[in-house]
Protein chains: 2
Amino acid sequence: MGATKTDHFTDKQNAIATLAKAIGHPARVAIIEYLMKVDTCICGDIVNELPLAQPTVSQHLKELKNAGLIKGNIEGNAICYCIDEKAIEKLQNYFGNISTKLTTKKNNCC
Amino acid sequence: MGATKTDHFTDKQNAIATLAKAIGHPARVAIIEYLMKVDTCICGDIVNELPLAQPTVSQHLKELKNAGLIKGNIEGNAICYCIDEKAIEKLQNYFGNISTKLTTKKNNCC
DNA sequence: AATCTTTATCGCAATATTGCAATCTGAAAA
DNA sequence: TTTTCAGATTGCAATATTGCGATAAAGATT
């Protein structure tokens, strides 16, 4: 009890949940938006941008990386993080499909 | 500490995070997909469809409703739940914007 | 080598989430 | 009214997440 029963659901469902869960925290939304805003993606200064301590930011980055939403490249002693387009596209497609199916179905009981 | 510092982030960031967090669980992904699959949205049998007990399903529905992803209509002593298109559209737009911005920017350091 | 700079990890406390048995509520049916 | 049925709520135990201070790891700089 307390642990998510991931094994009872399909791989696709778990995959979407994992991506969504990673975005389900404002700090991580802010990180993604910052990565978009910055032209160069030398990203050590995310810590300065966010109201969180360095270890906390590091952990959020780790979770985003585990979920496959961002990639990291070592560059000297700094690290270059950037968004992985594939993950974003997966989400876009997923919600796009739901949206179109909903409008064609016109289920209007609510 | 352990509480999310929502007040340090923008309303938009918190809004996206709230929606994403609600989808960030395979059971809730399964609920949404079931609501799409069923033509009529008389939805009491979600419990039969999922490998979870009734109180657990009820709580997941509550969280989806709180996040604004689904709506519920009382119909007799049953309840008709269905997806709120607006929330899905918000997510679709959000990830669509990111996707297009990424392809135009061509940031290829990773 | 000694130091600085950048990022990751450890360990902890506070809080949140997940899941369910038991129970409650309220409408329909008998 | 009593029973029944669909859902919600309560209360609890197990686990996960959030956040940060302290520290570690590793390349850069002096």
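Each chain gets a letter, A, B and so on, in the order its sequence line appears, and its residues count up from 1.
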> Atom CD1 of B:Ile74 to atom C1' of C:dT25: distance rounded to whole Å?
11 Å
> D:dT18 P sits how many Å from B:His8 NE2, rounded?
15 Å
> Can you tell me if B:Ser58 touches the phosphate of D:dG7, counting only side-chain N or O atoms and a distance under 4.0 Å to OP1 or OP2?
no
> With no hydrogens and no angle check, is any side-chain donor or acceptor of B:Thr100 less than 3.5 Å from a backbone partner on B:Gly96?
yes
> Measure from NZ on B:Lys65 to P on D:dG7 and round the result to the nearest Å.
12 Å
> So, is B:Tyr81 near the phosphate of D:dA6, with a side-chain N or O under 4.0 Å from OP1 or OP2?
no
> Is it the case that the base of C:dA8 and the side chain of A:Gln54 share a donor-acceptor contact (distance under 3.5 Å, atom types as modelled)?
yes
> From CG of B:Asn66 over to C1' of C:dA16, roughly how many Å is that when rounded to an integer?
15 Å
> Find which nucleotide of DNA chain C each of B:His60 and A:Thr56 is nearest to by heavy atoms, and output the residue with the more 5' nucleotide.
A:Thr56
> May I have the distance from B:Leu52 (atom CG) to D:dG7 (atom P), rounded to whole angstrom?
16 Å
> Which ones in residues 18-31 of chain B lie close to DNA chain C, meaning a heavy atom under 4.0 Å from one of its atoms?
B:Lys21, B:His25, B:Arg28
> Tell me, please, which residues at least two apart from B:Ala17 pass side chain to side chain contact (heavy atoms under 4.5 Å, CB included).
A:Pro26, A:Val29
> With sequence neighbours left out, what residues match B:Glu63 under salt bridge (charged side-chain N to carboxylate O under 4.0 Å, His left out)?
B:Arg28
> Please identify each residue that fulfils side-chain hydrogen bond (donor to acceptor under 3.5 Å, both in side chains) with B:Glu49, with sequence neighbours left out.
B:Lys37
> Tell me, with the steps shown, if B:Tyr34 and B:Asp45 meet side chain to side chain contact (heavy atoms under 4.5 Å, CB included).
CA-CA 10 Å; B:Tyr34 182 74; B:Asp45 27 28; 3.5 Å; yes
> Grab the N/O contacts between the protein and nucleotides 2-6 of chain C below 3.5 Å, and write none if there aren't any.
{"unit_1": "C:dT5", "atom_1": "O2", "unit_2": "A:Asn77", "atom_2": "ND2", "d": "3.3"}

> Please identify each residue that fulfils side chain to side chain contact (heavy atoms under 4.5 Å, CB included) with A:Thr10, with sequence neighbours left out.
A:Lys12, A:Gln13
> What is the distance, to the nearest angstrom, from the CG atom on B:Leu61 to the P atom on C:dT18?
13 Å
> May I have the distance from B:Phe9 (atom CZ) to D:dT18 (atom P), rounded to whole angstrom?
11 Å
> For DNA chain D, whose closest nucleotide is more 5', that of B:Lys62 or that of A:Pro51?
B:Lys62
> Considering only side-chain heavy atoms of B:Ala53, which listed nucleotide, C:dT18, C:dT9, C:dC20, is closest?
C:dC20
> Hey, what's the ring geometry for A:His25 with B:Phe9, parallel, tilted or perpendicular (30° and 60° as the breaks)?
perpendicular
> Are the side chains of A:Leu61 and A:Ile46 in touch, meaning some heavy atoms are under 4.5 Å apart?
yes
> Give a yes or no answer on whether the side chain of B:Thr18 reaches the backbone of B:Asn14 with a donor-acceptor pair at less than 3.5 Å.
yes
> Contact class for A:Gln59 vs. all strands (heavy atom < 4.0 Å): base, sugar-phosphate, or nothing?
base
